[in-house]
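Below is one structure, written out as structure tokens; comments come after it.
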Amino acid sequence: MASESVKVVVRCRPMNKRERELSCQSVVTVDCARGQCFIQNPGAADEPPKQFTFDGAYYIEHFTEQIYNEIAYPLVEGVTEGYNGTIFAYGQTGSGKSFTMQGLPDPPCQRGIIPRAFEHVFESVQCAENTKFLVRASYLEIYNEDVRDLLGADTKQRLELKEHPEKGVYVKGLSMHTVHNVAQCERVMETGWKNRAVGYTLMNKDSSRSHSIFTINIEIYAVDERGKDHLRAGKLNLVDLAGSERQSKTGATGERLKEATKINLSLSALGNVISALVDGRCKHIPYRDSKLTRLLQDSLGGNTKTLMVACLSPADNNYDETLSTLRYANRAKNIKNKPRINEDPKDALLREYQEEIKRLKAILAQQMGPGNLSALLSTQTPSGPVHPEEKLPSPTTVQQDTEAEKQMIREPSSTDLLEPGDTKPEADVADNILLRTEPDLSMKVAEEVVSEAETSVWMESEAHVAHVAQVSEEAQPQSLLAMASVRRESIGVEVAVLTEELQPVDQQQVLARLQLLEQQVVGGEQAKNKDLKEKHRRRKRYADERKKQLVAALQNSDEDSGDWVLLNVYDSIQEEVRAKSKLLEKMQKKLRAAEVEIKDLQSEFQLEKIDYLATIRRQERDSMLFQQLLEQVQPLIRRDCNYSNLEKIRRESSWDEDNGFWKIPEPIILKTSLPVVPTGTQNKPARKTSAVDSGEPHMLITTHHRGSIPL
Ligand code: ADP
Ligand code: MG
């Protein structure tokens, strides 16, 4: 399988007000044409600047638009073709990560990579021919090593990571939101951004504490010239990482320091993963060391096209951090990924939609005759999906329409996005349909429920699923259809699946369902717009040309690096001596640079070691405190409680690798009670029982799935 390296670009922001007030000097320079970045050590002016070469290097005058067009464009385009892609910003707090990823609405050339990706995805979708897309978005945050759904019903709830043999690592219960256009994507992102643990307004001070991942999932259903259909799926992760600075330097204490240690943990885990990946001798890649690295596992050495934007401050007082970012970035560019088009994904929702659409059309065609059906469809569903944006001019009506749509499909995840002023749908459509109780409708209700369960599984609780199951059961006259319950391990919920053919049904209902399904799917709206398609092609070409230019510029600089000097034929001895002395001088410079680099790395390791040792000492103190507290408390624990024997409890506890916590036994009270002795049986021995600590003489055993103890 072809492999490709992780792409890395650097971007240096202008000095900020504070740096200017402190009269900071700039230590970073950039050669954009060659993708090179230089950094001068302010403490050693005689040392040559350190030099790094990347897939792109951008300075204060460059706009995000240029970065996107030159390097992000091909990656996002790949996602619309069925590749996975990840773009992440790395750098110390205030270096421009959010500026690069989210950006500013004004001037438009500084809009961030995320909104540009939205536009790009929908442009590709609309230009595509004979292809339909299902686009869904999710947004999560990793804060204090907890994963939270920024678009979920409860954004504070801690979600678990799970691993699936085919899909890889995923977040159980993460909500997915179907989006039909750029405006909806932006609204979803806006909602999530406001839900970040670290406040919208305090962004700069605090957003450095959490990592966030916005994901656009695209399912692609294409029909080729021979009429054969193909299904593919791509996923675009847009990652805004926490600040990379060493937290001990920031003087954090208490909770903040604890938080900081965890940020450091996942960032240093990221660093370790990168190092392990580029060190050919390393067999074990420590993905499991943090949530971040587990979630980005496929983006680092796996089936993904990855781009890292390393953000830099130019100021001399940030030299250490900037150098460390450059080193990190320099290592990352050696990671080899193995991206491939994801053909025929097993859990594709779009396939089910397409199959149901086909089925519904067949039913209608049978009832009405194919000619009538196409006439009806062309009046009711004008050539393909109807999009709220096309029908409705103003943003408010867009919203209303979206609400109506949400109500129709009763996609609970979407209702979570209601703004404070919005009204919640009064009753669920499925419930409304149920009230009508015509037997021939029950099939559709069940299907509604099925597809709804599918769309909502990512965020739904077991309770909802139970409700779904109940609704479908109530809805089904058993004579009409057989239901099978299928455990979907990958997504962890039960969904009801219909196993019988459809019966004759109400035309209007079928038509409504058909329209509803077709509205979930987008694609091809601008397939005839030649100008847009041409613009699209031009942008694709632009990135290719830029890559060629960069390679050519680097080749030129290699040529004057002097290696050819040795192979040349010289007219005179003097000429040869001059050329070779020049080469020698260059080599000596390189040697000095390498020696300085070794010294630098050693002192950096030393600093890191001090940091780690400080963390270990602090954690040891914490653990001693808990130990001492336990020793004081243990004699106070009643003897009939299993926790009075802490050593036994310790032996029975086990570390849950997947979820990162200890599974410990539930506390239970074991009591011996003497049953009331009935007269005449006084000599029988007492029975031993156990009970919840309820004070009752008769007892039960409390157990818990995490820590039941057989008694
Ligand atoms: P981070 O997310 O890395 O902590 P931000 O993206 O919030 O940092 O940037 C910090 C500040 O610097 C913001 O006020 C932002 O507008 C400004 N900034 C960052 N990069 C640039 C840039 N390339 N050009 C102009 N201003 C920038
Ligand atoms: Mg930020």
Side-chain angles (χ1 to χ4, degrees), residues 9-22 24 26 28-30 32 37 54 56-72 87-116 139-143 150 189-190 192-214 238-247 249-250 252 256 259-260 263-264 266-267 270 292 308-315 317-318 320-322 324-326 328-329:
V9 299
V10 290
R11 179 185 207 182
C12 180
R13 65 156 170 77
M15 291 250 192
N16 62 27
K17 190 159 165 269
R18 192 168 160 272
E19 289 162 345
R20 283 197 306 272
E21 280 168 6
L22 289 170
C24 289
S26 173
V28 177
T29 46
V30 155
C32 182
C37 181
F54 298 105
Y58 301 91
Y59 205 46
I60 53 184
E61 69 274 18
H62 294 121
F63 300 131
T64 310
E65 182 175 30
Q66 185 176 349
I67 302 177
Y68 190 88
N69 288 341
E70 290 183 359
I71 192 90
I87 303 180
F88 66 94
Y90 180 87
Q92 74 183 113
T93 303
S95 59
K97 296 181 299 296
S98 304
F99 185 86
T100 301
M101 294 307 288
Q102 314 278 342
L104 304 176
D106 197 37
C109 55
Q110 291 290 33
R111 291 175 67 235
I113 287 178
I114 297 182
R116 279 173 200 282
Y139 201 1
L140 64 85
E141 174 179 61
I142 308 173
Y143 181 69
L150 292 174
M189 187 186 83
E190 189 81 351
W193 181 252
K194 285 182 187 159
N195 284 336
R196 286 183 72 163
V198 284
Y200 199 41
T201 44
L202 289 171
M203 182 168 77
N204 259 333
K205 245 185 260 142
D206 285 322
S207 67
S208 55
R209 305 192 168 275
S210 75
H211 311 288
S212 71
I213 306 182
F214 189 96
L238 300 156
V239 189
D240 191 1
L241 291 178
S244 63
E245 60 278 353
R246 229 192 314 278
Q247 301 289 332
K249 222 174 100 178
T250 60
R256 287 273 125 161
E259 209 179 50
I263 294 167
N264 253 4
S266 46
L267 278 177
L270 183 64
L292 181 69
M308 168 177 178
V309 184
C311 298
L312 314 172
S313 148
N317 61 354
N318 284 321
D320 286 343
E321 292 299 343
T322 307
S324 145
T325 301
L326 283 166
Y328 214 88

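Just so you know, ligand 1 is whichever comes first in the structure, and atom 1 is the first atom listed for that ligand. In this chain, residues are counted from 1 in sequence order.
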Problem set entry | From the candidates G96, G112, G103, the one that places a heavy atom nearest atom 9 (O) of ligand 1 | G96
Exercise. Any idea which atoms of ligand 1 are less than 4.0 Å away from a heavy-atom of Q92?
Worked result: 3 (O)
For this session: Check each atom of ligand 1 against the heavy atoms of T93 and keep those under 4.0 Å away; list them by number with element.
Result: 4 (O)
Exercise. Which bit of R11 gets closer than 4.0 Å to ligand 1, counting heavy atoms only: side chain, backbone, both or neither?
Worked result: side chain
Exercise. Aromatic rings Y90 and Y328: how do their planes relate, parallel, tilted or perpendicular, breaks at 30° and 60°?
Worked result: parallel
Exercise. Short check: any N/O/S atom of S98 below 2.8 Å from the Mg ion (ligand 2)?
Worked result: yes
Exercise. What do we get for P14 next to ligand 1 when only non-hydrogen atoms under 4.0 Å count, side chain, backbone, both or neither?
Worked result: side chain
For this session: Apply side-chain contact (heavy atoms from CB on, under 4.5 Å) to S95 and N318, showing your working.
Result: CA-CA 10 Å; S95 59; N318 284 321; over 6 Å; no
Exercise. At the 4.0 Å heavy-atom cut-off, does S95 count as touching ligand 1?
Worked result: yes
Problem set entry | Closest candidate by heavy atom, reference atom 26 (N) of ligand 1, pool Y58, Y90, F99 | F99
Exercise. Is the closest side-chain heavy-atom distance between Q66 and Y58 below 4.5 Å?
Worked result: yes
Problem set entry | Donor-acceptor side-chain pairing of R11 and T64 below 3.5 angstrom | yes
Problem set entry | Verdict with supporting geometry, E70 and H62, side-chain contact (heavy atoms from CB on, under 4.5 Å) | CA-CA 12 Å; E70 290 183 359; H62 294 121; over 6 Å; no
Exercise. Quick one: does K97 get an N or O within less than 3.5 Å of an N or O on ligand 1?
Worked result: yes
Exercise. Does ligand 1 have any atom that is closer than 4.0 Å to a heavy atom of G94?
Worked result: yes
For this session: Would you mind reporting whether F88 and K97 have side-chain heavy atoms less than 4.5 Å apart?
Result: no
For this session: Answer with yes or no whether the side chains of D240 and S212 bring together a donor and an acceptor at under 3.5 Å.
Result: no
